[in-house]
K.L.:
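Please read through the structure below; I'll follow up with questions.
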Amino acid sequence: MSMNERYEPQSIEPRWQKRWEEAGAFKAGRRPQAEPRYVLEMFPYPSGAMHMGHARVYTIGDALARYLRKRGYDVLHPIGFDALGLPAENAAIKDGRHPAERTRENIVSFRAEMKKLGYAFDWEREIVTADPEYYRWNQWFFLQMLQRDVVYRREGKANWCTGCNTVIANEQVVEQEGNQVCERCSSPVVEKVIPEWAFRITKYAQSLLDGLDGLGAWPERITTMQRNWIGKSEGAEVQFAAAGSAGTKIPVFTTRVDTIFGCTYVVLAPEHPLVAKLTAPERRAEVDAFVARMKKTDAVERTGENAPKEGVFTGARAVNPFTGEEVPVWIANFVLAEYGTGAVMSVPAHDQRDFEFAKKYGLPIKTVIQPPKGERTPPGDQLAAATTEDGVLDASGPFTGLSSAEARRKMSAHAAEQGFGHATVRWHLRDWGFSRQRYWGTPIPIVYCPDHGAVPVPEKDLPVVLPPQAIITGTGEPPLAKVAEFVNTTCPRCGKPSRREVETMDTFVDSSWYYARYLSPKDAARPFAPDAAKRWLPIDVYVGGPEHAVMHLLYFRFWHRVMRELGLVQEDEPCRRLVTQGIVNGSDGRKMSKRWNNSVAPGPMVDRFGADTLRLFILFAAPPEKDIDWSDSQVEGLHRFLRRVWRVYHDRQDCFGAPEAALAQAGGDFLELRRKTHRTIKRVTDGFEADLKFNTGIAGLMELVNALEAVAPKTDADRAAVREALVALAALLSPFAPHAAEELWHEVLGPGARDRLLAEEPWPSFDPALVAADTVTIAVQVNGKLRGEVQAAVAAGEPEVRALAEGDEKVKAHLEGKTVRKVVFVPKRLINFVVG
RNA sequence: GGCCCUCUGGCGGAACGGUAGACGCACUCGACUCAAAAUCGAGCGGGGCGACCCCCCGUCCCGGUUCGAGUCCGGGGAGGGCCACCA
């Protein structure tokens, strides 16, 4: 029995990967009696090759999954591929190939790379969203949601490329010399209103907002972003009557109804339906020209930061129901038709945007809010800027003197009593339009019948399969429209010749529920088995990038609620704990990209150093949520560490057979070694249990190796202590560097461990008696400054420590001639003499 | 403009309100070597001072709370993220 002197990851790693696979070590459901844990990383989008960012997410999740398995849980750690969608279609167009073919190849390469990295996935549960057996359930959900009015057809705004004559995605709109143009043909992009399918996510706005309170284990910045994105804003809707146009009301939404006595004009969005009706004949030409110009300008340009505020007077006047005053009605570029009521009451004295507009067009400014104390706000014509803070109402009729908050309540109530308004809530969140005029997505299961209109495809006819023969050019109508075999069908209701819906679903649909499909990935009768959902959901830990804060992570919370309503899942939230990992930058600190030529691919790194080295680098560089820079020398350092680990086992082979019974006799350096061993077990364990700080855990392992290198065992007791450390080290290393750990563990344990796998062995436990020190170093401070340190028993009280401290020469010098006014004693830590 | 986050040696990063800089990288010196690589040993925040002991300064800046602040509070600065004319 003699160990190879050299650490050779290239031969070790494939061997253990094979053993794990043969043993089915990472299959979920093998421990039905144990508590379940669901660890999930966001599945990859295989539009190209695997990159370092992927290696990072899966390495973080894998360390955790391996740890939890060793803790005895039944762990579900699945993987799949988010294969449909625009990027794959674009990549395919670029190299003139079919997205299915290209995607298939990419998946093969991803799978190989992931296996090379030794990830403990349950590969039997792999899903691919491009598989009809997956996306048929997207279609099934669509039908359920249509029935429940969660899916509906609406007129939506889309980016329309004037060159390609098609709708393009936001991602394809690029800025060129300040203009929004198509990335492919550089033609101007305009906003166009077209019919589309949408999810009524806004129906769940309150629930999605409330649910955030229970997500304490999510990063706060993510829940904050969601909160802002949902954007609940409480205010009032107030009806202004159009003067001279009996019965016409202009509803406005405001969060500051307390300022309504300062309203000096009303502004409508150019698209507002009342614009045509209200415009005075003599103003029509100018208004029409303005509206036409706004329609041609896209949203970003029109409402963006640098867009100047501009508007035109309609010639109409509106009556402020609180004051009976008539104010002019304008239209302006900055008012958004889709937010609130598409109309605003302008209070230039107390809103900066209204102020600027009023100044530009010479509209009156009226101060109606005064600060509760201090200097009074001057009249409107003397203001240099709007004062936007809450205060006390002034010149506001019967409401004068009320605080802003109280006034908002009373004025809303007053409006409701008088029938011209009410308190209301508005949301920033919009319904999710998911129609795409694209090929590489889930076909929407709808048939347009000349007699029956939009008819849902019956469930029994699912899936509506994406036809492979589509010609994808990316430059025309929806590609599916050109596939006659697909388009031409009969109405499910009456059998008349009909046309299929040719739009496909947004990719985000696929990722909204995939985590549930893993529970029973081959289920042919339903999207997944509810009893499996009961066992495994919600996800215990979800690892992914923070860039998904408001898209995917909101959509999947929405979808989970729908699934609960369908009786498929039990709880509100899909995921208990979220870990958002940082970016892997190039060694120059810039984002890895072709442009900077600073990309490093995981595959070649594994070939050179081994998967274990790459995994250790990723975990050691920084805590998961921080960005890291690639560093060749740091990687080499981690490889050096593994070689040192290897050598320490090689050099201490004589300890492998040491009798465990001798452990209790270990003394001196070897008792210290035992302490180090047990403290390291605690430290690494804490790293998993608390905040996933793998970097400090790995630092602890390095210290243990340093300690092992420093001892020279002579007796059986010495050797037993070394063996204990070697066994623990392998076990602690196994979530991070699983292959080397497995190999070393088997070397130490010898034939006794032949049929066992470290990956399945219980996590080591520590002896609290060895973790606790019996003597400690106590810092001695004088006036809070460190002046010395003393060794004392753990149990030492103040009098003993004080006596020791006062005996220290340095301390003595600092206490010389001073009066000790106070002594602060922190057991096991420090003693501080406060002198004067 | 709004909301949020971050700021510690040459670098990545450690530090229950209690010895700032664990661990690693880089660097310097030394050992081994004909030499190099690899490996091993030592040093490594700044200064007083080329050494010892020791002293002073030091966690973006200013102020506060505290016996004691990288950590808590207030104000400011710089960098980053998300949203952005949201009424």
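Heavy-atom basis, side chains included; hydrogens, waters and symmetry copies ignored. In what follows, every chain begins at residue 1, and chains take the letters A, B, ... in the order their sequences are listed.
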K.L.:
Assign A:T341 to base, sugar-phosphate, or nothing according to its heavy-atom contacts below 4.0 angstrom with the strands shown.
P.N.:
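A:T341: no heavy atom of the nucleic acid under 4.0 Å.
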K.L.:
Does a side-chain N or O of A:R643 approach OP1 or OP2 of B:U39 to a distance below 4.0 Å, or not?
P.N.:
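So the side chain of A:R643 is within the cut-off, an N or O lying under 4.0 Å from OP1 or OP2 of B:U39.
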K.L.:
How would you label the contact of A:Q634 with the nucleic acid (heavy atoms, under 4.0 Å): base, sugar-phosphate, or nothing?
P.N.:
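Base, at least one base heavy atom under 4.0 Å.
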K.L.:
Could you check whether the side chain of A:R430 and the base of B:C86 have a donor-acceptor pair of N or O atoms closer than 3.5 Å, going by distance alone?
P.N.:
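Answer is yes: a donor-acceptor pair is held.
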K.L.:
Would you tabulate the pairs of protein nitrogen or oxygen atoms and nucleotide nitrogen or oxygen atoms of nucleotides 67-69 of chain B closer than 3.5 angstrom?
P.N.:
residue, atom, partner, partner atom, Å
B:C67, O2', A:N832, ND2, 3.4
B:C67, O2, A:N832, ND2, 2.6

K.L.:
Mind checking who B:C23 pairs with, Watson-Crick or G-U wobble, both distances under 3.5 Å?
P.N.:
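Across all strands, the one nucleotide that pairs with B:C23 is B:G12.
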K.L.:
Over all strands shown, is A:T254 touching base, sugar-phosphate only, or nothing at heavy-atom distances under 4.0 angstrom?
P.N.:
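The answer is sugar-phosphate, as A:T254 gets under 4.0 Å only of primed atoms, P, OP1 or OP2.
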K.L.:
Rounding to the closest angstrom, what is the interatomic distance between B:U19 and B:C67 at atom C1'?
P.N.:
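Straight-line distance between the two C1' atoms is 16 Å.
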K.L.:
Using a 4.0 Å heavy-atom cut-off across all strands, classify A:R647 as base, sugar-phosphate, or nothing.
P.N.:
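Since only primed, P, OP1 and OP2 atoms lie under 4.0 Å of A:R647, the category is sugar-phosphate.
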K.L.:
Hey, does the side chain of A:R683 come within less than 4.0 Å of B:A22's phosphate (OP1/OP2), counting only N and O?
P.N.:
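False: A:R683 side-chain N/O out of range (4.0 Å or more) of B:A22 OP1/OP2.
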K.L.:
Mind checking if A:G637 touches a base, just sugar-phosphate, or nothing, with heavy atoms under 4.0 Å?
P.N.:
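It contacts sugar-phosphate atoms only.
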K.L.:
Does any donor atom in the side chain of A:N706 or A:R644 lie under 3.5 Å from an acceptor atom in the other side chain?
P.N.:
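Yes.
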K.L.:
Could you tell me whether A:H350 contacts a base, only the sugar-phosphate backbone, or nothing, with contacts defined as non-hydrogen atoms closer than 4.0 Å?
P.N.:
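No contact at all - A:H350 keeps every heavy atom at 4.0 Å or more from the nucleic acid.
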K.L.:
Going by atom types alone, do A:T387 and A:H350 pair a side-chain donor with an acceptor below 3.5 Å?
P.N.:
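A:H350 and A:T387 do have a side-chain donor-acceptor pair below 3.5 Å.
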K.L.:
Would you call A:D686 and A:K682 a salt bridge, using N to O less than 4.0 angstrom?
P.N.:
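A salt bridge is present here (some side-chain N lies under 4.0 Å from a carboxylate O).
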K.L.:
In the strands shown, is B:U33 matched to any nucleotide by a Watson-Crick or G-U wobble pair with both distances under 3.5 Å, and which?
P.N.:
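Partner of B:U33: none.
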K.L.:
Contact class for A:W427 (heavy atom, under 4.0 Å): base, sugar-phosphate, or nothing?
P.N.:
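Here A:W427 touches no strand at all.
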K.L.:
Between A:H548 and A:H552, what is the ring plane arrangement, given parallel below 30°, perpendicular above 60°, and tilted in between?
P.N.:
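Correct class here is perpendicular.
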K.L.:
Taking only N and O in the side chain of A:N228, is any of them less than 4.0 Å away from OP1 or OP2 of B:A84?
P.N.:
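A:N228 to B:A84 OP1/OP2: no side-chain N or O under 4.0 Å.
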K.L.:
Could you tell me whether A:R426 contacts a base, only the sugar-phosphate backbone, or nothing, with contacts defined as non-hydrogen atoms closer than 4.0 Å?
P.N.:
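It contacts nothing in the nucleic acid.
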K.L.:
Go ahead and name the base partner of B:C7; Watson-Crick or wobble counts if both distances stay under 3.5 Å, otherwise write none.
P.N.:
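Partner of B:C7: B:G77.
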K.L.:
Under 4.0 Å between any heavy atoms, over every strand shown, what does A:R221 touch: base, sugar-phosphate, or nothing? Just pick one.
P.N.:
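Sugar-phosphate contact only.
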K.L.:
Counting any heavy atom closer than 4.0 Å, what does A:D627 reach on the DNA or RNA strands: base, sugar-phosphate only, or nothing?
P.N.:
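Here A:D627 touches the backbone only, sparing every base.
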K.L.:
Could you check which nucleotide pairs with B:U59 in any of the strands shown, counting Watson-Crick or G-U wobble with both distances under 3.5 Å?
P.N.:
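No nucleotide pairs with B:U59.
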K.L.:
Please tell me whether A:F240 and A:F420 form a close aromatic pair, meaning their ring centres lie under 6.0 Å apart.
P.N.:
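A:F240 vs A:F420: aromatic centres not under 6.0 Å.
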K.L.:
Between B:U66 and B:C56, how far apart are the two C1' atoms, rounded to whole Å?
P.N.:
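Their C1' atoms lie roughly 24 Å apart.
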K.L.:
May I ask you to check whether A:Q206 and A:K232 show a side-chain donor-acceptor distance below 3.5 Å?
P.N.:
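Yes, side-chain donor-acceptor contact under 3.5 Å.
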K.L.:
Do A:R256 side-chain and B:A87 base share a donor-acceptor contact under 3.5 Å?
P.N.:
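Counting by modelled atom types and ignoring angles, no donor-acceptor contact under 3.5 Å is found here.
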K.L.:
Tell me what A:P546 touches on the nucleic acid: a base, only sugar-phosphate, or nothing, going by heavy atoms under 4.0 Å.
P.N.:
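Result for A:P546 = nothing.
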K.L.:
Counting only Watson-Crick pairs (N1-N3 plus N6-O4 or O6-N4) and G-U wobbles (N1-O2, O6-N3), all under 3.5 Å, who is the partner of B:A84?
P.N.:
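B:A84 is paired with nothing.
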K.L.:
Could you check whether A:T255 and A:E234, counting side-chain N and O atoms only, form a donor-acceptor pair closer than 3.5 Å?
P.N.:
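A:E234 vs A:T255: no donor-acceptor pair found between side chains.
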